[in-house]
Amino acid sequence: MRRMCLGLSTKLLNISVASLCRTRQLEKAEAALIDGIRLGVLPDVVTYNILITGYCQVVGFEAGYHVIHRMKEAGINPNLITYNSLMAGATRQGSLACCLNMLDEMLGRGIDPDVWSYNTLMHCYFKMGRPDDAYRIFREILLKNITLCQATYNILINGLFKNGYIKDALMLFRDLQRQGYVPQIVTYNILMNALCKLKRWKGIIRLFEEIRELGIAPNAITYTTAMKCCFGSRRYKEGLQIFFEMKSRGYAYDLFSCCTIVAALVKSGRRLAAERCIAHMIKIGYDLDIASYNTLINWHINEGKLEKAYNLLGVAESRGLDCDIYTHTILIDGLCKAGNFDVAERHLDHMKTMGFNCLVASNCFINGLCKAGYIDYALQVFNASDMRDSCTYSSLVNNLCKQRRYRLAAQLLLSCIRSGLKVLKSDEKNVSQGLTRLGTKRDAKRFKLQVRRSKLLQY
DNA sequence: CTAGGGTTAG
């Protein structure tokens, strides 16, 4: 009888620890653990596994791994799920080495990996941009005769999408459906996210309808993804509508949805609404992570308050958070907006030496220079660098047109297409109208022909 | 307790 009670209490303890970890309140989770022990409720392997997941998500893999020592002290052996959770933590952090280490350690302890171990490893390879290795793991699962689960397919579909195999992912999805596979809400979230990145706004609506017809309940992720898609297509009204629906159905705000909404409100200049949402974000008492700080730093930058942005950065760093690629990019953009190009350039160099991909930051720098009228310096930077995409060209073309330097704009636009990059219809129109206005209709005509020919060569 | 979502430039 006594054991049954204790078992039940441990279950309750686990539920409360899990809920605190989910809301990133690790200190409170630790306090619950201590309170439990004081009352004679001992944590079990599940409690520690939950903590490991929490530490991996909020702090990082190392912090999660540290919990293993505490388990040993408490006389509890790590199990399959312990290692699977650690592999997931390593994957979240993008550390393939740690993920493989955990697999080794698990095998060394005589624990047999299950379908989840392989799922996670496959996911890690996909995340690191190694789809061939990921597919190798998938074949290994089949070879070892391990029973697949739905997550295996979800990870496969998601990985194919993220690595650019869009058609293969869609084909796999439809194939599975034909074989009687019923997609889960997770599957729909994956598809929705992929369509969102492809800017296929109508596809999202169709998916939403499909979900309703199948009677599957959307979750917070579904709403957040759909919202982001609306905002990305500048449909702020529709996006906010989805947000209100989400709220009225009792879905709680979380950091993910807050970041999406605040970023959209800032971008569309809804200052008051943004402030209200930020106040809420801070009030709910979650431990803000680096993405949340990035959102807030970006908000300060857009208000023209560079100093406040740097202060907030100090707060984030004092909490042990590391700047990521977004933080650096947002700061460089902010420096440019403040006209401080010297510091911006130095920060960009700093970012390069740290091994970050600086494409977006470099685009911010070039765009900032253009807007401030230093277009020739921008061209110099552009020519000296091999980092360029369609945005880089678009900034230059757009601003050259403003200065009526249409011939150079036309040249750049053509070399953009010839590099296999897409161009904005508006840029194309701008240039050809400009050439016409220069009084040389023949040039404009020739430009249009060249554009058409270059596009043909793209395929 | 282990898959899916957020933050940057034209």
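Proteins come first, then strands; the chains are lettered A, B, ... in the order of their sequence lines, and each starts at number 1. We use all heavy atoms of the structure for the numbers below, so side chains are in, but hydrogens, waters and symmetry mates are not. Everything numeric in this text was worked out from a predicted model, so none of it was measured.
Counting non-hydrogen atoms under 4.0 angstrom, A:Asp114 reaches nothing in the nucleic acid. At the heavy-atom level, A:Lys127 lies nowhere under 4.0 Å from the strands shown. Across all strands, A:Thr187 comes closer than 4.0 Å to no nucleic acid atom at all (heavy-atom distances). If you check every strand for non-hydrogen atoms under 4.0 Å, A:Ser394 touches a base. Nucleic acid contact class of A:Asp427 (heavy atoms, under 4.0 Å, all strands): none. Residue A:Thr224 is classed as a base contact, given a heavy-atom separation below 4.0 Å to a base. Here A:Asp289 lies in heavy-atom contact (under 4.0 Å) with a base. The residue A:Ala18 sits apart from the nucleic acid: no heavy atom pair falls under 4.0 Å.
Side-chain contact annotation: A:Ser394 with A:Asp427, donor-acceptor N/O pair under 3.5 Å present.
In this structure, A:Tyr65 and A:His69 have perpendicular ring planes: the angle between them is above 60°, well past the 30° mark. Taking the six-membered ring for Trp and thresholds of 30 and 60 degrees, A:His347 and A:His328 have ring planes more than 60 degrees apart, a perpendicular arrangement.
Considering every non-hydrogen atom in both A:Cys196 and A:Thr225, the closest pair reads SG-O, 4.2 Å.
Under the side-chain contact (heavy atoms from CB on, under 4.5 Å) criterion, A:Ile37 pairs with A:Pro43, not counting sequence neighbours. Taking A:Thr91 as the reference, A:Cys99, A:Thr120, A:His123, A:Cys124, A:Lys127 meet the side-chain contact (heavy atoms from CB on, under 4.5 Å) condition, with sequence neighbours excluded.
Of the possible donor and acceptor atoms, none in the side chain of A:Asn158 sits under 3.5 Å from a partner among the backbone N and O of A:Phe161.
For the side chain to side chain donor-acceptor pair (under 3.5 Å) with A:Asn154, the lone residue among A:Asn189, A:Asn119, A:Thr187 that qualifies is A:Thr187.
Ion pair A:Glu210/A:Arg206 not flagged as a salt bridge, since none of the NZ, NE, NH1 or NH2 atoms sits closer than 4.0 Å to an Asp/Glu carboxylate oxygen.
Taking a heavy-atom distance under 4.0 Å as the criterion, the stretch of DNA chain B touched by chain A extends 5' to 3' from B:dC1 to B:dG10.
Every pair passing salt bridge (charged side-chain N to carboxylate O under 4.0 Å, His left out) that includes a residue from residues 290-303 of chain A is listed here, sequence neighbours excluded: A:Arg271-A:Glu303.
Put simply, CG on A:Asp104 and CG on A:Leu107 are 6.5 Å apart, with the number rounded to the nearest 0.5 Å.
Shown for residues 76-86 of chain A: residues whose heavy atoms fall under 4.0 angstrom of DNA chain B, namely A:Ile81, A:Asn84. Listed in residue order, the members of residues 361-369 of chain A having a heavy atom less than 4.0 Å from DNA chain B are A:Asn363, A:Cys364, A:Asn367.
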